[in-house]
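Take a look at the structure set out below.
In this text, all values refer to a predicted model and were calculated from it rather than measured experimentally.
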Amino acid sequence: MTGSSHKRARLAAALRPAAFGADPAGERMERIRRSPNFSGGVFVNPVGARTTPSGSMLKFLPTYFRKEDRVRRAPAAPVPVHPTTVADLAVPPASGLRLTWMGHSTVLAEIDGRRVLFDPVWGERCSPFSFAGPKRVHPVPVPLRALGPVDVVVISHDHYDHLDMPTIRALVRTETHFVVPLGVGAHLERWGVPERRMTELDWHESTEVAGLRLTATPARHFCGRALRNTQHTLWASWVVAGPEHRVYHSGDTGYFPGFADIGEAYGPFDATMIQIGAYSEFWPDIHMLPEEGVRAHADLQGGEPGRGIMLPIHWGTFNLAPHPWDEPAEGTVTAARAAGTRVPVPRPGAPFEPAAGLPLDPWWRSIAARPATGAVAAAAVTPQAPGRGAPTPGGGPGDQPEGPGAALPVPQA
């Protein structure tokens with residue numbers, strides 16, 4: 001590279017917004033090129049997947065902007081966040097396993113005396129900008145500074161609704177360790193995470209932190225947070241195993257046969273945390289419908305849907321898709337009942353121990369927007385179109401077209 005090329009590269013890096021993170025380079029990029037999951041200059045899915053909207057945008061846009069549909073994409077009243085999360089977390093779990101869903105895909109998992117924080121997003125918006133992009137429909141149940149010590153932070157991929165720069169920068173001031181998919185460390189380094197406090201893993205690679213074994217496992221999704229999406233950071237689901245308990249976090253993923261392989265290699269699981277929201281028929285390959293999430297849980301449990309519990313994640317916090325706000329919860333409960341799967345749907349911030357019983361109160365129904373007929377909100381049956389998919393990588397930087405919390409959910413190419 002010539003001197004002028006170096007200058008242009010340094011200038012481009014200086015002008016790049018910090019929230020965009022950084023592209024992998026040097027030894028990190030060399031390791032990426034050696035990955036068996038990197039082909040043709042990009043990371044590839046275990047099963048082919050379209051990562052841009054399918055079908056005509058002329059068909060998609062009316063479903064997004066129709067007034068009666070817009071109303072139902074947000075709760076009609078404040079979400080009842082659990083009020084005593086801090087006090088509840090101060091008491092150790094008697095069973096050795098406790099889960100606290102903080103909203104969207106953020107889960108605090110207490111496993112055999114250790115604390116794992118999955119996909120922590122404490123920011124007000126999942127966006128590179130503080131003034132635009134999808135906004136929370138409910139507050140975080142507990143301030144990050146009040147959460148207490150965390151042994152390890154696990155990131156599934158680099159989209160804005162899973163990897164939040166302000167949250168990572170706040171966690172840098174703690175002593176937590178970060179475990180991330182291959183390539184994501186470039187973002188963390190730019191935000192101040194020292195190399196000694198992060199571990200990057202390819203699929204089926206493992207590491208041990210604080211007595212827990214963490215393994216990156218395949219997922220069917222994509223990556224990217226800058227304007228130019230290089231597909232040079234990997235996406236993953238995660239297995240975390242302690243001396244007595246083990247859990248699975250799906251990250252974002254479309255359904256694929258590999259769930260059974262993950263279950264055979266690393267299961268069964270005391271709990272799975274499965275993505276069941278932000279789907280659309282316009283992006284069918286990279287997020288799951290609720291019934292697909294229930295099927296994935298059964299696959300992970302060796303074909304036994306009643307084994308362990310399935311915690312639905314990736315719904316209820318950010319408006320990222322055309323479906324009604326409450327539909328993922330209703331669809332999951334319906335599918336789980338038919339399959340014989342145990343599914344808790346706790347209020348955000350409500351800790352629970354699977355061994356001690358499951359939260360069963362359908363709290364979302366009382367605040368869901370009603371259809372024009374006045375009937376109880378959607379999904380007494382399995383959700384239908386527009387129904388499968390993925391959000392934008394953080395929802396996109398545009399102004400919200402339908403008021404607070406909204407953004408046009410078109411995945412980044």
ring-ring contact (aromatic ring centres under 6.0 Å, His included) partner of W101, chosen from W315, F118, F352: W315
F269 side chain near Q301 side chain, heavy-atom distance below 4.5 Å: yes
From T341 atom OG1 to E291 atom CD, the distance as rounded to the nearest 0.5 Å: 12.5 Å
Minimum-distance pair of heavy atoms, taken over all atoms of A146 and V142: CB-CG2, 3.9 Å
Nearest-0.5 Å distance that lies between atom NE2 in H297 and atom CD in E304: 9.5 Å
Which residues share a side-chain contact (heavy atoms from CB on, under 4.5 Å) with P351, sequence neighbours left out: H82, D88, L89, R98, T100
Over-ring placement of R33 relative to F38, 6.0 Å and 45° cut-offs: no
Heavy-atom side-chain contact between V79 and W363 under 4.5 Å: yes
Ring centers of H159, F222 separated by less than 6.0 Å: yes
S156 versus H249, side-chain donor and acceptor atoms under 3.5 Å: no
Any donor-acceptor N or O pair under 3.5 Å, side chains Y279, E327: yes
Minimum-distance pair of heavy atoms, taken over all atoms of I367 and P80: CD1-CD, 3.7 Å
Donor-acceptor pair, side chain of R213 and main chain of S206, under 3.5 angstrom: no
side-chain contact (heavy atoms from CB on, under 4.5 Å) between N45 and W235, worked out: CA-CA 9 Å; N45 273 300; W235 48 96; 3.0 Å; yes
Heavy-atom closest contact (E353 atom, G96 atom, distance): OE1-N, 4.4 Å
Spacing of CG belonging to D252 relative to CD1 belonging to I286, to within rounding of 0.5 Å: 8.5 Å
Heavy-atom neighbours of R34 CZ exceed 12 at 6.0 Å: yes
side-chain contact (heavy atoms from CB on, under 4.5 Å) against E124, all qualifying residues, sequence neighbours excluded: K135, R136
Donor-acceptor pair, side chain of D151 and main chain of V116, under 3.5 angstrom: no
Least distance between heavy atoms, P128 atom then F20 atom: CB-CE1, 3.7 Å
Residues T176, L117; criterion side-chain contact (heavy atoms from CB on, under 4.5 Å); working and verdict: CA-CA 10 Å; T176 191; L117 188 58; over 6 Å; no
pair D161-S105: side-chain heavy atoms closer than 4.5 Å: no
I276 side chain reached by M310 side chain, heavy atoms, under 4.5 Å: yes
Pair T317-H138, side-chain donor/acceptor within less than 3.5 Å: yes
Over 12 foreign heavy atoms within 6.0 Å of CD, E195: no
Heavy-atom side-chain proximity of R114 to V240 below 4.5 angstrom: no
F43 versus S35, closest heavy-atom pair with distance: CE2-OG, 3.8 Å
Chi angles and distances behind the salt bridge (charged side-chain N to carboxylate O under 4.0 Å, His left out) call for R347, D361: CA-CA 9 Å; R347 302 177 184 217; D361 172 30; 2.8 Å; yes
Side-chain donor/acceptor of S237 to backbone N/O of T217, under 3.5 Å: yes
Side chain to side chain, V294 and P305, heavy atoms closer than 4.5 Å: no
Any F178 side-chain heavy atom under 4.5 Å of V184 side chain: no
Check: I262 and W203 side chains under 4.5 Å, non-hydrogen atoms: no
Side-chain donor/acceptor of H221 to backbone N/O of A236, under 3.5 Å: no
Backbone of W122 reached by a side-chain donor or acceptor of T167 within 3.5 Å: yes
Distance, nearest 0.5 Å, that separates OG1 of T253 from NE2 of H157: 10.0 Å
Residue pair R72, E330: steps toward the salt bridge (charged side-chain N to carboxylate O under 4.0 Å, His left out) verdict: CA-CA 14 Å; R72 296 186 61 199; E330 288 288 352; over 6 Å; no
Check: T272 side chain, Y248 main-chain N or O, donor-acceptor pair, under 3.5 Å: no
Side-chain donor or acceptor of H104 paired with backbone N/O of P120 under 3.5 Å: no
Mutual orientation of the aromatic rings belonging to H162 and H314 [parallel < 30°, tilted 30-60°, perpendicular > 60°]: parallel
D202 backbone acceptor or donor facing E205 side chain under 3.5 Å: yes
From NE2 (H232) to CG (L182), nearest 0.5 Å: 11.5 Å
Trace of the side-chain contact (heavy atoms from CB on, under 4.5 Å) decision for L147 with M102: CA-CA 11 Å; L147 189 62; M102 299 293 180; 3.7 Å; yes
CD1 on I155 to CG on D119, rounded to 0.5 Å: 5.5 Å
Verdict with supporting geometry, V333 and V345, side-chain contact (heavy atoms from CB on, under 4.5 Å): CA-CA 8 Å; V333 168; V345 190; 4.1 Å; yes
Whether D326 side chain and W364 backbone form a donor-acceptor pair below 3.5 Å: no
Closest heavy-atom pair and its distance - W191, R169: O-CG, 3.7 Å
Any donor-acceptor N or O pair under 3.5 Å, side chains H245, D270: no
Donor-acceptor contact below 3.5 Å, side chain R190 vs main chain A22: no
Working for salt bridge (charged side-chain N to carboxylate O under 4.0 Å, His left out), residues R28 and E189: CA-CA 12 Å; R28 177 176 283 114; E189 276 192 358; 3.3 Å; yes
